[in-house]
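Each remark here refers to the structure printed beneath this line.
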Amino acid sequence: MDDVTASRGKQEGRKSGGGKRRQVAALPWRGEGEALRILLVSSRETRRWVIPKGWPMKGKTDFAAAAQEAYEEAGLDGVIADKPAGEYEYLKRLKSGAAKLVKVDVYPLRVTGEHATWPEKGQRTLRWMTPVEAALAVQEPELRDLIARFADVELSEEDHPDPTPAPTPGRVTFQRLRRRITALWGRYGR
């Protein structure tokens with residue numbers, strides 16, 4: 001593929017059919033067989049378990065952008081696949097407060113190193129998990145199934161609970177407000 005085609009592909013990748021936005025993600029992994037582990041990071045806003053992801057980057061292929069996100073969000077170096085292992089959808093809360101359906105292409109990243117410091121250190125929690133633990137920790141059913149397929153593990157019927165929806169932007173705002181009021185009440189209300 002030439003540079004013009006690659007560049008056009010990245011630009012078109014920002015929106016998919018139906019007007020959905022597109023992101024790229026890394027699925028960080030290490031080990032083999034029983035020792036296989038998947039790294040999840042907490043989201044900054046809702047603190048739910050996710051994989052490192054972000055918007056495509058101008059001048060970078062989608063898989064290179066996914067690797068960059070893994071470094072920025074989790075301090076990871078590694079070998080990233082140039083083809084996605086799959087995709088999933090989730091509701092992204094935008095700065096305006098609106099929620100938008102986003103489709104995410106997921107690129108496996110075999111982790112070869114972890115930095116002591118990285119751009120978003122302290123903003124997220126990182127945890128290496130077994131594939132089953134990781135699949136059950138994420139809220140998005142399509143991501144759960146993608147992790148299970150990637151790791152070649154079977155999830156039982158009990159492991160397929162009705163998904164708990166991610167908090168709506170209004171609920172997140174309400175929870176923050178409640179925490180602030182509780183903190184102020186403890187400081188001044190007694």
Side-chain angles (χ1 to χ4, degrees), residues 9-10 12-31 36-57 61-70 72-74 76 78-94 97-111 120 124-172:
K10 283 191 294 267
E12 290 169 357
R14 292 194 63 98
K15 280 198 177 178
S16 62
K20 290 179 190 163
R21 293 249 179 226
R22 271 206 170 282
Q23 287 189 318
V24 295
L27 178 62
W29 64 276
R30 68 179 180 198
L36 178 63
R37 295 295 180 265
I38 306 288
L39 182 90
L40 296 184
V41 300
S42 62
S43 68
R44 288 191 290 194
E45 295 294 320
T46 62
R47 310 304 294 174
R48 70 193 201 305
W49 290 114
V50 297
I51 55 178
K53 65 182 174 304
W55 302 108
M57 298 175 187
T61 60
D62 287 347
F63 62 89
Q68 179 70 31
E69 291 296 336
E72 291 177 7
E73 295 183 12
L76 302 176
V79 179
I80 194 149
D82 61 357
K83 302 264 188 283
E87 64 184 26
Y88 72 97
E89 292 181 345
Y90 80 105
L91 280 174
K92 167 85 174 161
R93 190 174 69 116
L94 303 175
K100 183 81 173 163
L101 189 61
V102 176
K103 188 169 278 210
V104 184
D105 291 324
V106 179
Y107 296 85
L109 173 74
R110 182 174 54 84
V111 175
E120 295 182 19
R124 300 173 184 275
T125 302
L126 314 179
R127 184 166 302 150
W128 285 102
M129 302 180 190
T130 67
V132 171
E133 289 170 334
L136 297 178
V138 298
Q139 288 186 350
E140 297 83 2
E142 292 173 336
L143 178 56
R144 177 195 59 217
D145 294 343
L146 190 153
I147 291 170
R149 272 193 320 275
F150 172 78
D152 198 25
V153 296
E154 290 283 326
L155 298 176
S156 66
E157 284 304 313
E158 301 92 54
D159 292 336
H160 286 263
D162 290 333
T164 305
T168 62
R171 180 133 180 97
V172 170

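Note that these values count all heavy atoms, side chains included, but never hydrogens, waters or copies made by symmetry.
- In this structure, Gln68 and Met57 have side chains that are in contact, with non-hydrogen atoms separated by less than 4.5 Å.
- Minimum interatomic distance between Ile51 and Leu39 (heavy atoms only, all atoms of both residues): CG2-O, 4.4 Å.
- Considering every non-hydrogen atom in both Ala26 and Ala70, the closest pair reads CB-CB, 3.9 Å.
- Between Val102 and Trp55 the shortest heavy-atom distance is CG2-CH2, 4.2 Å.
- Of the charged side-chain nitrogens involved, at least one lies within less than 4.0 Å of a carboxylate oxygen, so that Glu140 and Arg48 count as a salt-bridged pair.
- Counting only heavy atoms from C-beta outward, the side chains of Thr130 and Arg37 approach each other to under 4.5 Å.
- Taken to the nearest 0.5 Å, the CD atom of Glu154 stands 11.5 Å off from the CZ atom of Arg149.
- Using a 4.5 Å heavy-atom threshold, the side chains of Glu69 and Gln23 count as separate.
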Q: Apply side chain to side chain contact (heavy atoms under 4.5 Å, CB included) to the pair Ile38 and Phe150, showing each step before the final yes or no.
A: CA-CA 10 Å; Ile38 306 288; Phe150 172 78; 4.2 Å; yes
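- The side-chain heavy atoms of Tyr107 and Thr61, taken from C-beta on, include no pair separated by under 4.5 Å.
- By the 4.5 Å heavy-atom criterion applied to side chains, Leu146 and Leu27 are counted as neighbours.
- A donor-acceptor contact shorter than 3.5 Å links the side chain of Ser42 to the backbone of Thr125.
- Remark: Leu143 CG to Trp49 CH2 distance equals 13.5 Å, nearest 0.5 Å.
- Between Arg22 and Glu87, the shortest heavy-atom contact is NH2-OE1, 3.4 Å.
- Across all their heavy atoms, Glu73 and Lys53 have their closest contact at OE2-O, 2.7 Å.
- Between the side chains of Gln139 and Tyr90, no donor N or O sits under 3.5 Å from an acceptor N or O.
- The CG atom of Leu101 sits 12.0 Å away from the CZ atom of Arg21 when rounded to the nearest 0.5 Å.
- Taking CG of Asp82 as the reference point, atom CG of Asp62 lies at 11.5 Å (rounded to 0.5 Å).
- For Asp152, the CG atom counts as loosely surrounded, since its 6.0 Å shell holds 12 or fewer non-hydrogen atoms of other residues, nucleotides or ligands.
- Here the shortest heavy-atom pairing between Ala66 and Val24 reads N-CG2, 3.8 Å.
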Q | Test log, rule side chain to side chain contact (heavy atoms under 4.5 Å, CB included), inputs Glu133 and Arg127 | A | CA-CA 10 Å; Glu133 289 170 334; Arg127 184 166 302 150; over 6 Å; no
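- Counted within 6.0 Å of CZ on Arg47, heavy atoms from surrounding residues, nucleotides or ligands total more than 12; the atom is thus considered enclosed.
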